[in-house]
J.: 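Dumping the structure here so I can ask a few things about it.
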Amino acid sequence: QVQLVESGGGLVQAGGSLRLSCSASGGTFRSVAVGWFRQAPGSEREFVAGIVGTSIGSSTYYADSVKGRFTISRDNAQNTVFLQMNSLKSEDTAVYYCAARRFGIVNMIKSAYDYWGQGTQVTVSS
């Protein structure tokens with residue numbers, strides 16, 4: 001059973017940066033695909049970025065809205081996946097969740113993920 005804990009959220013001005021962390025325990029984290037999702041008030045939870053399991057490779061995937069601004073990476077030694085967010089916009093304001101799926105392939109559909117963190121709030125002021 002993989003347990004995920006997000007951290008690093010907060011309040012930042014537009015144009016600023018934040019780095020979110022997703023720390024895992026209780027399982028073999030390196031073999032799972034990890035995705036970051038976000039949910040703004042009144043909106044559906046949407047895919048932001050994903051990274052494949054280490055046994056598959058190092059491929060990453062991004063929503064069009066964050067390409068060129070966000071970077072997902074993983075540190076298997078720390079059992080942690082990061083989401084570096086630069087050039088933040090007010091529309092990036094949301095609760096950000098990390099999720100893991102037992103299959104090592106990234107999926108942009110939230111129902112494909114088996115484990116979820118509790119979320120961390122990101123607020124971007126304009």
Side-chain angles (χ1 to χ4, degrees):
Q1 183 82 5
V2 175
Q3 296 175 323
L4 306 174
V5 177
E6 303 96 335
S7 61
L11 173 65
V12 64
Q13 288 188 333
S17 299
L18 282 174
R19 187 173 83 154
L20 305 183
S21 299
C22 174
S23 298
S25 61
T28 306
F29 194 53
R30 61 186 296 124
S31 64
V32 303
V34 177
W36 282 97
F37 289 76
R38 66 186 181 187
Q39 187 167 17
S43 298
E44 293 289 320
R45 192 171 298 188
E46 63 177 3
F47 175 83
V48 175
I51 187 165
V52 300
T54 303
S55 59
I56 292 179
S58 58
S59 295
T60 57
Y61 302 85
Y62 299 93
D64 288 342
S65 59
V66 307
K67 277 180 184 175
R69 301 188 298 124
F70 290 12
T71 302
I72 188 171
S73 62
R74 69 192 305 158
D75 184 330
N76 289 324
Q78 296 185 44
N79 256 11
T80 302
V81 170
F82 303 98
L83 184 68
Q84 177 67 43
M85 307 186 295
N86 299 328
S87 302
L88 283 161
K89 306 174 182 179
S90 56
E91 51 263 45
D92 295 318
T93 295
V95 178
Y96 283 70
Y97 300 88
C98 72
R101 62 188 308 250
R102 288 188 291 266
F103 298 104
I105 299 171
V106 171
N107 193 306
M108 296 185 180
I109 301 174
K110 57 183 183 292
S111 60
Y113 288 78
D114 304 294
Y115 310 104
W116 290 85
Q118 81 291 348
T120 185
Q121 176 70 47
V122 171
T123 303
V124 183
S125 63
S126 56

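Side chains included, hydrogens not; waters and symmetry mates left out as well; all remaining heavy atoms used. Here the structure is a predicted model, which is why all the values come from computation and not from measurement.
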J.: Restricting to non-hydrogen atoms, name the atom on N86 and the atom on S17 that form the minimum distance, rounded to 0.1 Å.
T.: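 What the structure gives for the nearest pair is OD1-OG, 2.9 Å.
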J.: Same hydrophobic cluster for V66 and V12, using side-chain heavy-atom links shorter than 4.5 Å among ILVMFWY?
T.: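 Cluster IDs for V66 and V12 match.
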J.: What heavy-atom pair brings F82 and D75 nearest, and what distance separates the two atoms?
T.: CE1-CB, 3.9 Å
J.: I need the I56 CD1 to I51 CD1 distance, nearest 0.5 Å.
T.: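 Answer rounded to 0.5 Å: 11.0 Å.
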J.: If you take all heavy atoms of F37 and V48, which pair is closest and at what distance?
T.: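 Heavy atoms of F37 and V48 come nearest at C-CG2, 3.9 Å.
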J.: Can you find a heavy atom in the side chain of L20 that is under 4.5 Å from one in the side chain of Y97?
T.: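 When only atoms from C-beta onward are counted, Y97 and L20 do not touch, as no gap falls below 4.5 Å.
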J.: To the nearest 0.5 angstrom, please state how far the CG atom of N76 sits from the CZ atom of R30.
T.: 4.5 Å
J.: Do F70 and M108 sit in the same hydrophobic cluster, where Ile, Leu, Val, Met, Phe, Trp and Tyr count as joined when their side-chain heavy atoms come under 4.5 Å apart?
T.: no
J.: Restricting to non-hydrogen atoms, name the atom on G8 and the atom on L18 that form the minimum distance, rounded to 0.1 Å.
T.: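 For G8 and L18, the tightest heavy-atom pair comes out as O-CD2, 3.8 Å.
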J.: Check whether I105 and V2 end up in the same hydrophobic cluster, where Ile, Leu, Val, Met, Phe, Trp and Tyr are linked by side-chain heavy atoms less than 4.5 Å apart.
T.: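 No, no single cluster joins them.
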J.: Looking only at atom types and distance, does a side-chain atom of Q118 sit under 3.5 Å from a main-chain N or O of V5, one as donor and one as acceptor?
T.: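 A pair under 3.5 Å: no.
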J.: Drop me the distance from S59's OG to I72's CD1, to the nearest 0.5 angstrom.
T.: 12.0 Å
J.: Between K67 and D64, is there a salt bridge with N-O shorter than 4.0 Å?
T.: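 K67 and D64: salt-bridged.
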J.: To the nearest 0.5 angstrom, please state how far the OG1 atom of T123 sits from the CG atom of D92.
T.: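 Answer rounded to 0.5 Å: 11.0 Å.
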J.: Please report the C-alpha distance between T71 and Y62 in whole Å, then the side-chain angles of each, then the deciding distance to 0.1 Å, and finally whether the side chain to side chain contact (heavy atoms under 4.5 Å, CB included) criterion is met.
T.: CA-CA 8 Å; T71 302; Y62 299 93; 3.8 Å; yes
J.: Is V32 close to D114 at the side-chain level, that is, under 4.5 Å between some pair of heavy atoms?
T.: no
J.: Compare every heavy atom of S90 with every heavy atom of S126, then report the nearest pair and how far apart it is.
T.: CB-CB, 4.3 Å
J.: Please tell me if the side chains of V122 and V124 come closer than 4.5 Å, counting only heavy atoms from C-beta onward.
T.: yes
J.: Hydrophobic clusters here meaning ILVMFWY residues chained together by side-chain heavy-atom distances under 4.5 Å, can you tell me if F103 and Y61 are in one?
T.: no
J.: Where do R101 and Y113 land on the side-chain hydrogen bond (donor to acceptor under 3.5 Å, both in side chains) test, with the steps shown first?
T.: CA-CA 4 Å; R101 62 188 308 250; Y113 288 78; 5.3 Å; no
J.: Once you round to the nearest 0.5 Å, how far does CD of E44 lie from CD of Q39?
T.: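 The CD atom of Q39 is 7.0 Å from CD of E44, to the nearest 0.5 Å.
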J.: Are V52 and L83 co-members of a hydrophobic cluster defined by side-chain heavy atoms under 4.5 Å apart?
T.: no
J.: Can you find a heavy atom in the side chain of R38 that is under 4.5 Å from one in the side chain of T93?
T.: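 A side-chain contact is absent here, since even the closest heavy-atom pair is not under 4.5 Å.
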J.: Is there a donor-acceptor pair under 3.5 Å between the side chain of Q3 and the backbone N or O of G26?
T.: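 No; zero donor-acceptor contacts below 3.5 Å.
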J.: Determine yes or no for a side-chain-to-main-chain donor-acceptor pair under 3.5 angstrom, with Q84 supplying the side chain and R19 the backbone.
T.: no
J.: Can you name the nearest heavy-atom pair linking W36 to C22, along with the distance?
T.: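 Of all heavy-atom pairs spanning W36 and C22, the closest is CZ2-CB, 3.6 Å.
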J.: About how many Å separate OG of S87 and CZ of R69, when rounded to the nearest 0.5 Å?
T.: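 Between atom CZ of R69 and atom OG of S87 there are 7.0 Å.
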